[in-house]
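These values consider heavy atoms only, across backbone and side chains, with no hydrogens, waters or symmetry-generated copies. Just so we're on the same page: letters track the sequence lines, and every chain starts at 1.
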Amino acid sequence: MPELAEVAFYCSQWRPGFNRTIRSVKLNDKVRCFRDVSTRQLSLKLKGNRLTGSRTHGKRMLFQLRNSTWLGVHLGMTGSLAFRKEEGAIETHDHLVLGVENGWLVFNDPRQFGKVELYVSKGLPEFWENLPREMESAPFDFGYFESILHRRGRSPLKSLLLDQSLFPGVGNWMADEVLWRARVRPNRSARSLERSELKALFRSLKFVCRGAMKYIATDFSDPPKSWLFTHRWKPGGRCPKTGVELERTQIGGRTTCWSAEWQK
DNA sequence: ATGCATGTTACATG
DNA sequence: ACATGTAACATGCA
């Protein structure tokens, strides 16, 4: 489920536990989410420590703790973070549970495609400084966007938008939403775009990012009915612009939803 | 039972 | 070397 804005939402869910001592660390080390970390070292570094801050970049999350400790979290397809107040509120697939004095900070992930990582460094871990430009940032301007599409001109736009090294945070629904709003078909190649379509795509990308953050990142509410978002998975779902039934195709191995009359 | 799912990556193929 | 496609990961749901 989690893309740019969902990740930002889940990241904020651990805030009630900030600046509280982590009294207990419970984790299920059988689970694939810990494939790139030593669970022993993870427990050692977290227990008695405190979360002091957090940030996101695309679909990545990074939590800062005292003593040069950083906790990386990726939610994969079905991961989520929650703060649980009630005692004994532990649920199935709660793979990491941090006990603080006012509740439990939980990482839950049924399909286990998500990942927990540990970094030890005085400042931000080095990899974090070298992440690609964020779509919401000023350096991600039209010139930069154009250069990406030029470099990967042969690739279908849908696949291109899903590339995390270029569009960090875009997932399946956001890619479809961006293309739909720009009125461009998802199977078009980057090099086939007219200049006006290129502009429309860029504007649409910025719009969808901003809107997603506004609606979803704050309280997980759905975007308005005027978006493709609420219609795309419904059987027989209709295009909010034309009222015509939406199309489904596989592109780059992912189910893609689009509107035939609307997107050229 | 079958097929599919808002993600990533290793491997295969051209 | 490069670009794109596919299978695999593990579980739940229709």
Side-chain angles (χ1 to χ4, degrees), chain A residues 1-11 13 27-37 56-61 72-81 91-96 106-117 127 131-132 135 147-181 186-192 205 208-209 211-213 215-217 220-223 227-237 246-258:
Chain A
M1 173 190 246
E3 303 181 19
L4 182 80
E6 289 92 349
V7 169
F9 172 80
Y10 284 126
C11 189
Q13 296 307 103
L27 57 82
N28 175 5
D29 57 8
K30 301 274 184 292
V31 140
R32 198 168 171 265
C33 305
F34 300 112
R35 57 195 175 277
D36 288 340
V37 72
T56 66
H57 183 292
K59 296 173 189 171
R60 297 169 179 275
M61 294 185 281
V73 178
H74 194 294
L75 297 173
M77 193 87 99
T78 53
S80 62
L81 298 188
E91 297 177 7
T92 326
H93 309 305
D94 280 352
H95 303 314
L96 178 66
V106 168
F107 165 74
N108 181 291
D109 185 10
R111 284 175 74 178
Q112 303 172 32
F113 294 170
K115 198 197 278 195
V116 174
E117 290 168 321
F127 84 93
L131 292 172
M135 299 177 293
S147 72
I148 289 172
L149 269 71
H150 183 71
R151 186 150 37 95
R152 298 276 303 273
R154 288 192 296 173
S155 164
L157 289 166
K158 171 67 184 261
S159 314
L160 202 53
L161 284 165
L162 290 176
D163 188 329
Q164 297 303 293
S165 67
L166 305 175
F167 303 101
V170 172
N172 210 17
W173 81 254
M174 282 184 83
D176 287 354
E177 190 79 43
V178 167
L179 290 160
W180 173 78
R181 181 161 295 273
N187 61 351
R188 292 271 299 279
S189 69
R191 65 146 72 107
S192 76
L205 179 69
V208 170
C209 286
M213 293 303 284
Y215 299 111
I216 299 168
F220 221 80
S221 62
D222 283 354
W227 286 41
L228 183 63
F229 184 93
T230 44
H231 311 275
R232 49 174 286 120
W233 289 125
K234 284 187 196 145
L246 293 160
E247 307 279 338
R248 301 277 170 78
T249 342
Q250 286 281 115
I251 299 177
R254 309 300 302 280
T255 300
T256 299
C257 176
W258 55 288

Give a yes/no on whether any side-chain N or O of Ser159(A) is located under 4.0 angstrom from OP1 or OP2 of dT4(C).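 Negative; the distance criterion is not met.
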
message = Does a side-chain N or O of His93(A) approach OP1 or OP2 of dA10(C) to a distance below 4.0 Å, or not?
response =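 So the side-chain polar atoms of His93(A) never come under 4.0 Å of the phosphate oxygens OP1 or OP2 of dA10(C).
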
Walk me through it: do Asn187(A) and Thr256(A) pass the test side-chain contact (heavy atoms from CB on, under 4.5 Å)? CA-CA 9 Å; Asn187(A) 61 351; Thr256(A) 299; over 6 Å; no

Candidate list Leu166(A), Asn172(A), Asp176(A), Leu179(A), test side chain to side chain contact (heavy atoms under 4.5 Å, CB included), partner Leu161(A), passing option
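Of the listed residues Leu166(A), Asn172(A), Asp176(A), Leu179(A), the side chain to side chain contact (heavy atoms under 4.5 Å, CB included) partner of Leu161(A) is Leu179(A).
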
Look at all strands and tell whether [X] reaches a base, only sugar-phosphate, or nothing, counting heavy atoms closer than 4.0 Å.
{"X": "Lys115(A)", "value": "nothing"}
{"X": "Glu6(A)", "value": "base"}
{"X": "Glu3(A)", "value": "base"}
{"X": "Thr78(A)", "value": "nothing"}
{"X": "Arg111(A)", "value": "base"}

Checklist entry - Which nucleotide span of DNA chain B, 5' end to 3' end, has atoms closer than 4.0 Å to non-hydrogen atoms of chain A? => result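 With heavy atoms of chain A under 4.0 Å away, the range is dA5(B) to dT8(B).
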
* Separation between SG of Cys257(A) and CD of Glu177(A), rounded to the nearest 0.5 Å ->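 Going from SG on Cys257(A) over to CD on Glu177(A), the span is 9.5 Å.
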
To the nearest 0.5 angstrom, please state how far the CG atom of Asp109(A) sits from the CG atom of Leu96(A).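 Nearest 0.5 Å value for the CG-CG distance: 11.5 Å.
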
Please verify the inter-ring angle class for Tyr10(A) with Phe220(A); under 30° counts as parallel, over 60° as perpendicular, anything in between as tilted.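 Ring orientation of Tyr10(A) relative to Phe220(A): tilted.
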
With under 30° as parallel and over 60° as perpendicular, where do the rings of Trp173(A) and Phe229(A) fit, or are they tilted in between?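 Rings of Trp173(A) and Phe229(A): perpendicular, as their planes differ by over 60°.
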
Return the value, rounded to whole Å, for the distance between atom [atom1] of [X] and atom [atom2] of [N].
{"X": "Glu91(A)", "N": "dG12(C)", "atom1": "CD", "atom2": "P", "result": "12 Å"}
{"X": "Asn28(A)", "N": "dA10(C)", "atom1": "CG", "atom2": "P", "result": "13 Å"}
{"X": "Met77(A)", "N": "dG12(C)", "atom1": "CE", "atom2": "C1'", "result": "12 Å"}
{"X": "Leu160(A)", "N": "dG5(C)", "atom1": "CG", "atom2": "P", "result": "12 Å"}
{"X": "Asp163(A)", "N": "dT4(C)", "atom1": "CG", "atom2": "P", "result": "10 Å"}
{"X": "Gln250(A)", "N": "dT6(C)", "atom1": "CD", "atom2": "C1'", "result": "11 Å"}
{"X": "His95(A)", "N": "dA10(C)", "atom1": "NE2", "atom2": "P", "result": "11 Å"}

Looking at Lys30(A), I'd like to know if its NZ atom is crowded, meaning that more than 12 non-hydrogen atoms belonging to other residues, nucleotides or ligands lie closer than 6.0 Å.
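At most 12 heavy atoms, drawn from other residues, nucleotides or ligands, come within 6.0 Å of this atom.
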
Check: Any chance CZ of Arg248(A) has more than 12 other-residue heavy atoms, nucleotides or ligands included, within less than 6.0 Å?
Finding: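 Counting neighbours around CZ of Arg248(A), more than 12 heavy atoms of other residues, nucleotides or ligands fall under 6.0 Å, so yes.
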
Using the side-chain heavy atoms of Phe113(A), tell me which of these nucleotides is nearest: dA10(C), dG5(C), dT4(C).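 Of the options given, the side chain of Phe113(A) lies nearest dA10(C).
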
Intra- and inter-strand pairing of DNA chain B, written as dot-bracket with Watson-Crick and G-U pairs under 3.5 Å and | for the latter, reads .||||.||||||||

Upstream residue (5' side of DNA chain B) when His74(A) and Gly253(A) are each assigned their closest nucleotide: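 That would be Gly253(A).
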
Check: Ser192(A): what forms a side-chain hydrogen bond (donor to acceptor under 3.5 Å, both in side chains) with it, not counting sequence neighbours?
Finding: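 For Ser192(A) the side-chain hydrogen bond (donor to acceptor under 3.5 Å, both in side chains) partners, ignoring immediate neighbours, are Arg188(A).
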
Would you say the side-chain atoms of Gln164(A) pair up with the backbone N or O of Gly169(A), donor to acceptor, closer than 3.5 Å?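 Yes, Gln164(A) side chain to Gly169(A) backbone: donor-acceptor pair under 3.5 Å.
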
Practice prompt. Please tell me which of Thr92(A) and Arg32(A) maps to the more 5' nucleotide of DNA chain C, matching each residue to the nucleotide holding its nearest heavy atom.
Written response: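 Going by which nucleotide is closer to the 5' end, it is Arg32(A).
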
